[in-house]
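Reading through the structure tokens given below for one structure.
Along the sequence shown, the residues carry numbers beginning at 1.
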Amino acid sequence: MLASNAPVPIATAAEQAGVDVAQIHRWAAVGGLQLQGRGGKEFVRLDQVLALSAAARRRDPSTNRGALRARLADARIANPSVAGLQQASRDRGTGRP
């Protein structure tokens with residue numbers, strides 16, 4: 001088990017946090033965490049990556065987006081307003097056509 005505040009290779013941190021390496025680079029670019037270079041490899045503190053990934057999951061409703069997209073994949077809406085999409089989602093959730 002890795003210590004949470006230990007510098008780990010960026011790929012290991014990405015795997016542990018369930019994000020991709022590119023996301024960690026984006027966080028570093030905006031100052032969310034620091035990348036450390038050693039011997040041609042990049043390291044980050046695992047606790048920082050875990051904290052940022054948890055915060056991103058709380059903010060990002062896309063975890064449910066896949067289910068909604070699947071539900072509405074073949075929906076045909078005459079007026080594609082938000083209200084129309086919401087009604088189509090409700091109808092499909094209850095099994096109505």
Kindly list each side-chain donor-acceptor pair under 3.5 angstrom involving residues 34-44, sequence neighbours excluded, with atom names and distances?
| from | atom 1 | to | atom 2 | distance (Å) |
| --- | --- | --- | --- | --- |
| Gln36 | OE1 | Arg38 | NH2 | 3.1 |
| Glu42 | OE1 | His25 | NE2 | 2.8 |
| Glu42 | OE2 | His25 | NE2 | 3.3 |

Ala11 to Val21 - nearest heavy-atom pair and separation: CA-CG2, 4.1 Å
Interatomic spacing from CG in Leu52 to CG in Asp47 - rounded to 0.5 Å: 9.5 Å
Atom of Gln48, atom of Leu33 and distance for their closest heavy-atom approach: OE1-CB, 3.5 Å
Shortest non-hydrogen separation from Val8 to Ala13 and the atoms involved: CG2-CB, 3.7 Å
Contacts of type side-chain hydrogen bond (donor to acceptor under 3.5 Å, both in side chains), residue Glu15, not counting sequence neighbours: none
Close side-chain approach of Asp20 and Arg26, heavy atoms under 4.5 Å: yes
